[in-house]
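Read through the structure below, which is laid out as structure tokens, and then see the notes.
In what follows, chains carry the letters A, B, and so on, assigned in the order in which the sequence lines appear, proteins first and then strands, with residues in each chain numbered from 1.
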Amino acid sequence: MSEEISKVYQPSEVESQWYTRWLEASCFKADENSDREAYSIVIPPPNVTGVLHLGHVLNNTIQDVLSRRARMKGKEVLWLPGTDHAGIATQAVVERALRKEGTTRRELGREAFLDRVRQWKDEHGGIIIKQLKRLGCSCDWDRERYTQDDDYVERVLNVFVDLYNKGLIYRGKRMVNWCPVSQTALSDEEVIKRPSKGSLYYMRYEIVESPGEFLEIATTRPETLMGDTGVAVHPKDPRYQKYLGKHCWRPFPRQQIPIVADEHIDMEFGTGVLKVTPAHDKADFDIGQRHDLEVIDVLNPDGTLNALAGAEFEGMDRMEAREKAADKLEELGLLIKREPYENEVGFSERANVPIEPRLSLQWFLRYPSVPEATGSVLQGDITFRPQRWVKTYGHWMENIQDWCISRQLWWGHRIPVWYPKDRLAEIQSGELDEDTVRSLIHVDTQPPADAEAWTQDEDVLDTWFSSWLWPFATMDEDTRKKFFPTTDLVTGPDIIFFWVARMIMASYTFQGELPFRNVFFTSLIRDSKGRKLSKSLGNSPDCLKLLDKYGADGVRFGLLRIAPTGADIRYDEDRMKEGRNFATKLWNAVRFRQMQTPVDASVTPAAPSIYALDILGKLDALEDKLETAYQNYRFNDIANHLYEFFWSQFCDWYLESVKNDLGDSADPAVKAMTLETLDRVYRRFLMLLHPFMPHLTEELWDRLGFAAEGQFLMNEDLAATRPPWDTQESAQAQERAAAIYEATGRARNLKAEYQLGANKAVRFVLKPTVDWVDEETDTLALLIGTAGIEVRADYQPEKGVPAAVTAVGELYMPLEGLIDVAEETKRLEKEIGKVTKELEKTDKKLANPNFVERARPEIVDEIRQRRTDWQKRLEQLEEMLGNLVG
RNA sequence: GCGCGAUUAGCUCAGGGGUAGAGCGCCUGCUUCACACGCAGGAAGUCACUGGUUCAAAUCCAGUAUCGCGCACCA
């Protein structure tokens, strides 16, 4: 008690210390043999080499809140952490480093390259785990998993083999999304559509059979015209009937190509004529199939043009070639015009370049357990919050397309398929039918016995093909028995298809049940201008700096106060500041308590005051509000309720009301009661706040001496200590306390309007309208900030004495030199104006027979009561005014 | 084009058939013995627009506008 305590909370001194102590005491450890009810969350695994960004902070804080709350509700909690190998992202980073060194992965070779990636992972991996610990995350770190752990890899390969054997995984030559930078296929989900400015080029192809006649064609991609193998029009288009079955000249390389009719063509668009390039557009490919058109691929995998495009284009980048092709058309007199044009272009999510539709041989998965996965969400076995994501999910599931799972990368789970060397070329041509291929290849987690005769597939699996197993592949059988299916999943809606939907399908397929019961979707965090947070914009805050500046608890609380309720959220550093300020507020409120004497056990406490009963009742109400908010995952509500209760109700009102009861001159019994009440509130409030501000609450719990030997606040049981309550007594006390507080407000207002300092002791006289107010005038005076209050039923004020109508009576402020009839008249008239308006509103309602007849009786009563109250108030005010004028 | 969401105080947002709310910001006073990361007081809103339902609409319904987000092969 004698030690000097800082006026502001210093998180750095406190946070790491408690985190260490929790770890040492195994507070986060989950016991699969426990009798307690299970509660579990698996972390959405961050990239193993990633760094913490604000999205992670929000996400993991919510998971930590849920975990800590569940522990305090007596559950056996498993929060299972881990990381993801993040195929493309990690490989891209290492490749970039290699390029700086002047080499490439191909020069290094597969094994050497993978060593480099592993080395890089050893150096940079695990940073994010440290950062999560810094945040206070109560994960069971002994169970940390990684998608490249040996047994996890084995599980992934097993799943591949299993699905292959079930006929759900197949290899096929198909149009896929090709990223020319990463040089790999991507799934449809990895393609993001973006409006892009470009040109629509109008050109003309000459009719072979009618020289001098031309077909006008609009295209956005003239650089692929060398791959044109047809021209298509709508079969019903009257303009082009005469050309059906004829041919036109592709200008370069000059060649005759057929004019075909296809339903796909939109007569309204452009000229109604489409150049068909089957190798470079999915729709064109389909048209080509229908009309048996040749497929000519004029692009290299890196997005440059190849020899088939002609010598002058060979090696040129596709974007450069676009203009060059248009220029060449112009030279040939075949370009009609270039029109500015904006359309949606698919971009590679990772490399941020336009993807290229490309025909290639890839592995695909026909999704399993689609009906179960769809139904479980639509029927509500799995709950989505916010609920509106259900519809998005349902729509995707109903239109689900096979998943391209092979990636032309090296970092990842290598596809467990081997090809006989002597038939390799044949198989890779993609010409063999599926059954033949199946009979030739070896698909197993282990290589074939005579390995020399075989070649393993070069490709790896999509990263999501490992993470879709995350909720159960991270657990052994005993753990699953206790903790699977998991309770909650907290993740972003941007990966609803990438991850959430796939986990649900995987879980039904391999575990026979759903993976989690509730999904809470966090939102996108934007900056204060509404832009997405991103590295390139430089608007992404440095989370470690934030943690240093505001403390983990400050950041947690600040973010949770704006936690998503459905819409995107806007980040503003001021929110973190508010969190920190709240921490300091709490710190100082406890400091206030520590400055008081300890509880004297020999004194019998007095009966609780109305203020004590009031604050305890509000604490009780808080608890109910929190319970409801938790059930609805309303984290912002929880934070705001905690904030409101502690700052406004407890500090601003209760704490201010007891300052006379704690001094040396105070009645010992009252003092004992007050200290007891204070401690009751502190004790309970720290428990309720703990999930949001774990470090600070643990520290204060300890400082206040609430911690039993070897015990932590984080292990306290909320259910054990909630007191029984005399609701009637409490209700009356709350009503009286509210009246005193209301009168306080009016008195303070009077003082402020007359420019009297808040602490200026001025004389107040009260003409009471309630019979109990005598006992409370000391507190009222304390709250107002004055010496005392005279209660006089017969008081006749001098004209012009400032006065206010309060919930406990008419309050006068007779002070020498303050008598100003004109000023006071103005004040009263203003107030009368307000009250009259309110009174009119209620009168109007009650005068309406329809209202009185049809509205619910309790509403009518309420309005009547309101009218009476306004009426009474008005009479009092008018009487005052009358005294003033008369 | 289809679907989903948003529109409430200067800003960021909550609310939701029956007195319009919070935080920040702003204005005025306060070094009041827990806290200036604070205390007290105050100003500030046609709840986007138009109709409808209802005794009663900011709230429910329909439409409009603007913004955002998904999905869709218009070259």
Check the distance between [N]'s [atom2] and [X]'s [atom1] and give it to me in whole angstrom.
X       : N      : atom1 : atom2 : answer
N640(A) : U12(B) : CG    : P     : 17 Å
Q10(A)  : C37(B) : CD    : C1'   : 11 Å
K7(A)   : C35(B) : NZ    : C1'   : 8 Å
R570(A) : A14(B) : CZ    : P     : 11 Å
F592(A) : G38(B) : CZ    : C1'   : 15 Å
K275(A) : A75(B) : NZ    : P     : 13 Å
Q594(A) : C35(B) : CD    : C1'   : 13 Å
Y643(A) : A14(B) : OH    : P     : 18 Å

Checklist line | Where RNA chain B forms stems, i.e. three or more consecutive Watson-Crick or G-U pairs with both distances under 3.5 Å | finding: B:1-7 with B:65-71, B:10-13 with B:21-24, B:26-30 with B:38-42, B:48-52 with B:60-64

Pick out the pairs of N or O atoms, protein on one side and nucleotides 42-46 of chain B on the other, that lie under 3.5 Å.
| unit_1 | atom_1 | unit_2 | atom_2 | d |
| --- | --- | --- | --- | --- |
| G42(B) | OP1 | N749(A) | ND2 | 3.1 |

Check: Can you tell which of C24(B), G18(B), A34(B) lies closest to the side chain of M595(A)?
Finding: A34(B)

Item checked: Among G23(B), A40(B), A34(B), the one nearest D652(A) by side-chain distance -> A40(B)

Check: How about F650(A) and Y682(A): are their ring centres within less than 6.0 Å of each other?
Finding: yes

Note to self: Can you confirm if the aromatic rings of W647(A) and Y643(A) lie within a centre distance of less than 6.0 Å?
What the structure shows: yes

According to the interplanar angle, ranging from 0 to 90°, do the rings of [X] and [Y] count as parallel (below 30°), tilted (30 to 60°) or perpendicular (above 60°)?
X       : Y       : value
Y741(A) : Y611(A) : tilted
W587(A) : Y9(A)   : tilted
F685(A) : F646(A) : parallel

Check: Would you say the side chains of T842(A) and K844(A) form a donor-acceptor pair under 3.5 Å?
Finding: no

Notebook entry, point to check: Do S187(A) and E190(A) have side-chain atoms, one donor and one acceptor, less than 3.5 Å apart?
Noted result: yes

Next item on the list: Would you kindly compare L655(A) and T219(A) by the position of their nearest RNA chain B nucleotide and give the one closer to the 5′ end?
Entry: L655(A)

Item checked: Pairwise 5' ranking along RNA chain B for D637(A) and K391(A), keeping only the more 5' one -> K391(A)

Applying a 4.0 Å non-hydrogen cut-off, can you work out what [X] is touching in the nucleic acid: base, sugar-phosphate, or nothing?
X       : value
G272(A) : base
W870(A) : base
R634(A) : sugar-phosphate
R580(A) : base
R561(A) : sugar-phosphate

Checklist line | P gap between C37(B) and A44(B), integer Å | finding: 29 Å

What N/O pairs connect the protein and nucleotides 26-30 of chain B at under 3.5 Å? Give each pair on its own line.
none

Check: Who pairs with R580(A) by side chain to side chain donor-acceptor pair (under 3.5 Å), at least two apart in sequence or on another chain?
Finding: none

Check: Between the side chain of N399(A) and the main-chain N/O of H395(A), is any donor-acceptor distance below 3.5 Å?
Finding: yes

Margin query: Would the distance check show the side chain of E15(A) and the main-chain N or O of A552(A) forming a donor-acceptor pair, the cut-off being under 3.5 Å?
Written below: yes

Checklist line | Heavy-atom pair of closest approach, residues I265(A) and H234(A) | finding: O-CD2, 3.1 Å

Item checked: With R748(A) via salt bridge (Lys or Arg N to Asp or Glu O under 4.0 Å) - residues at least two apart -> none

Notebook entry, point to check: Which letter, B, S or -, goes with each nucleotide of nucleotides 66-74 of chain B from 5' to 3', with contact meaning a protein heavy atom under 4.0 Å?
Noted result: --SSSSBBB

